[in-house]
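Reminder, nothing fancy here: chain letters follow the sequence lines and each chain counts from 1. Predicted, not measured: the structure shown is a model, and the values here were computed from it.
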Amino acid sequence: MREADLVILGAGPAGMAAARTAAEAGLAVVLLDEQPRAGGQIYRDVERAGESRAAILGADYLKGAELVRDLPHPNIRHLTGATAWQVEEGRRVAFTLDGEAELLEGRRLLIATGALERPMPIPGWTLPGVITAGAAQILLKQSGIVCEGAVLAGCGPLLYLVAAQMCRAGTPPLALVETQTFSDGLAALRHIGGALRGWRALAKGLGLLAELRRAGVRRYTAASELAVDGASRAQALRFTAGGRTHCIDCSTVLLHHGVVPNTQVARSIGVPHRWDDAQRAFLPERDLWGRAAGLETVFIAGDGGGIGGAGAAALSGRLAALAIACDLGRLSPGERDRAARPLQAALSRELAVRPFLDRAYPPFAGALLPGDDTLVCRCEEVTAGDIRRYASIGCLGPNQTKAFGRVGMGPCQGRYCGLTVTELLADANGRTQDETGYYRIRPPLKPVTLGELAALAASQSKETTE
Amino acid sequence: MKTASTFRELEPEGARVRVRFSGQDLMLREGGNLAAELLAAGVTPFRRTPVSGAPRAPFCMMGACFDCLVEIDGVTRQACMCEVGAGMEIAMPAAGRDGDA
């Protein structure tokens with residue numbers, strides 16, 4: 001079994017920044033990541049893509065290259081292509097690398113597994129040709145692939161960024177179909193103070209909108225009743241806007257209405273979570289350093305602890321690393337606090353714009369509580385109507401839905417239905433999201449083959465006999 | 001199945017290798033993300049669901065949704081978590097045995 005002072009799950013901005021800070025404090029760090037190269041989703045392949053596609057992807061993406069360049073350090077072992085599938089006792093991680101399972105034990109564990117797209121169940125969202133806006137970004141960053149004949153649907157600043165990047169790449173989207181309303185914008189004005197403190201983000205958004213106007217991209221707002229048409233693949237997006245029904249022929253539909261914390265690992269080890277109304281998602285409970293409630297050895301940094309974006313993720317990663325270095329005697333509490341102060345101030349500036357964004361671009365109501373015929377669980381093909389029916393015969397929580405209809409028991413393990421099932425049950429039963437709860441997440445977090453496990457048994461017995 | 005792709009490569013140059021998908025020869029960029037390269041080659045769907053046989057293709061591209069599951073040399077894998085290698089034999093997972101956990 002390998003050992004380390006600190007094991008970090010995820011090499012996105014939070015994981016990379018934490019690794020560097022911890023290494024500089026003298027900790028032996030192992031950084032595990034599923035991808036072949038560091039960057040996470042937001043900075044996917046930034047070192048390779050930055051050279052050829054800088055003009056398309058923009059300056060904020062290229063910032064990630066600094067974090068990647070800072071990663072090589074004698075105290076950091078970066079294991080790429082490593083899939084973690086179980087965490088035990090808040091410190092032992094089982095993972096697969098090159099077709100063999102291995103164990104790794106850290107004195108501290110930092111979960112930096114980032115965010116997932118908020119599930120956006122609308123009719124037809126399972127058709128080939130329907131992808132998340134995040135997937136379109138990954139195709140562009142990692143593979144230099146753009147979607148032709150695409151419509152973007154949903155809401156949030158990421159849609160503007162993706163649309164602008166598509167224009168720069170010479171494949172402008174056919175239309176931008178947005179679900180936020182005029183009154184959402186008005187309500188958001190209450191948080192304009194924060195938005196002005198985070199003026200950089202605001203200015204970037206306005207710049208992107210101007211870019212889309214210049215490129216002549218059609219925009220619809222306050223859209224509702226979104227549905228993708230097609231038999232074997234996406235052929236059109238239907239929606240209602242301005243009192244009329246529209247239908248735009250297209251070959252790709254990019255969906256997005258925000259991102260939510262990826263809580264699979266934290267939940268699997270029993271970190272308590274609570275519902276956050278502003279982010280409309282469950283967040284793990286942790287202190288200001290990112291330490292998980294009730295779990296002395298576990299920290300959570302980055303979007304996995306609450307959505308704050310890449311800048312905030314890197315800062316929260318550094319803060320967690322300082323606390324861990326202090327835990328392990330490498331920094332005194334005074335040194336930790338002195339180093340943390342500027343980071344905390346910067347984090348507060350990064351987060352200032354969030355209340356404005358959360359209110360200006362609320363999740364699409366029609367996808368929070370989809371119509372009865374809409375598939376909610378993509379894996380087991382269970383509809384919203386099925387879930388409501390389970391509720392009508394006494395189903396109170398997501399774990400019971402598994403017994404009723406295998407919801408959340410397919411290969412994705414609830415990653416793309418969990419929040420919708422909570423919302424549907426809470427609504428149908430007249431209970432809060434906290435009362436309704438979420439799936440119990442159990443290992444393996446990712447599929448592991450018997451062959452991979454057998455390799456683990458072989459290496460363990462070798463260790464014992466030696 | 002292969003159709004005209006709606007996913008275009010901005011830099012189509014680079015070494016290509018032969019892989020087979022459902023009995024069809026494809027020339028994909030070596031070392032590229034397998035799901036992305038299959039999309040660019042016009043492959044759709046990647047699989048059919050075990051429950052209803054509905055067609056599916058990549059959705060999240062980050063290893064979370066499992067809709068890009070394919071069978072590579074006999075083992076079910078997420079195409080978006082694999083890199084293209086010469087001579088890969090890729091098949092649609094047969095309905096009903098596609099890595100259901």
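- Note on A:R53 versus A:E47: no salt bridge recorded, every NZ/NE/NH1/NH2 to OD/OE distance being 4.0 Å or above.
- Contact check on B:E13 versus B:R29 returns no salt bridge, with no Lys/Arg side-chain nitrogen under 4.0 Å from an Asp/Glu carboxylate oxygen.
- With rounding to the nearest 0.5 Å, the separation of CZ in B:R8 from OG1 in B:T6 is 11.5 Å.
- We find the CD-CE distance between A:E380 and A:M409 to be 7.5 Å, quoted to the nearest 0.5 Å.
- The parts of A:R378 that come within reach of chain B are both its backbone and its side chain, each placing non-hydrogen atoms under 4.5 angstrom from that chain.
- Counting only heavy atoms from C-beta outward, the side chains of A:I387 and A:V382 approach each other to under 4.5 Å.
- Comparing B:P12, B:A36, B:G63, B:C60 by how many heavy-atom pairs each has under 4.5 Å with chain A, the most go to B:C60.
- Here B:E37 contributes atom CD and B:R16 contributes atom CZ; the two are 6.5 Å apart, rounded to the nearest 0.5 Å.
- The greatest number of non-hydrogen atom pairs below 4.5 Å with chain B, out of A:T83, A:V130, A:D45, A:I56, is found for A:V130.
- One distance of note links CZ of B:F46 with CD1 of B:I90; it measures 8.5 Å at 0.5 Å rounding.
- For the atom pair OG1 of A:T113 and CG of A:L32, the computed distance is 12.0 Å after rounding to the nearest 0.5 Å.
- Side chains of A:R44 and A:Q41: a donor on one and an acceptor on the other come within 3.5 Å.
- The stretch residues 115-139 of chain A participates, sequence neighbours left out, in these ring pair (Phe, Tyr, Trp, His ring centres under 6.0 Å) pairs: A:W125-B:F59.
- Environment of CZ in B:R20: crowded, with over 12 heavy atoms of neighbouring residues, nucleotides or ligands closer than 6.0 Å.
- The list of salt bridge (charged side-chain N to carboxylate O under 4.0 Å, His left out) pairs with a residue in residues 117-135 of chain A, not counting sequence neighbours, is empty.
- Nearest heavy atom pair, residue A:M166 against residue A:A150, reads CE-CB, 3.7 Å.
- Per-residue heavy-atom pair counts under 4.5 Å with chain A were compared for B:A57, B:C80, B:P55, and the maximum is reached by B:P55.
- The contact list for residues 258-268 of chain A toward chain B, using heavy atoms and a distance under 4.5 Å, is empty.
- Interface residues of residues 134-149 of chain A toward chain B, defined by a heavy-atom distance below 4.5 Å and sorted by number: A:A135, A:I138, A:L139, A:L140, A:Q142, A:S143, A:G144, A:I145, A:V146, A:C147, A:E148.
- Residue contact with chain B, scored on non-hydrogen atoms closer than 4.5 Å, is absent for A:L445.
- Residue B:M81 touches chain A through its side chain alone, counting heavy-atom pairs closer than 4.5 Å.
- Each of A:L116, A:T252, A:T126, A:T171 has some count of heavy-atom pairs under 4.5 Å with chain B, and the biggest count is that of A:T126.
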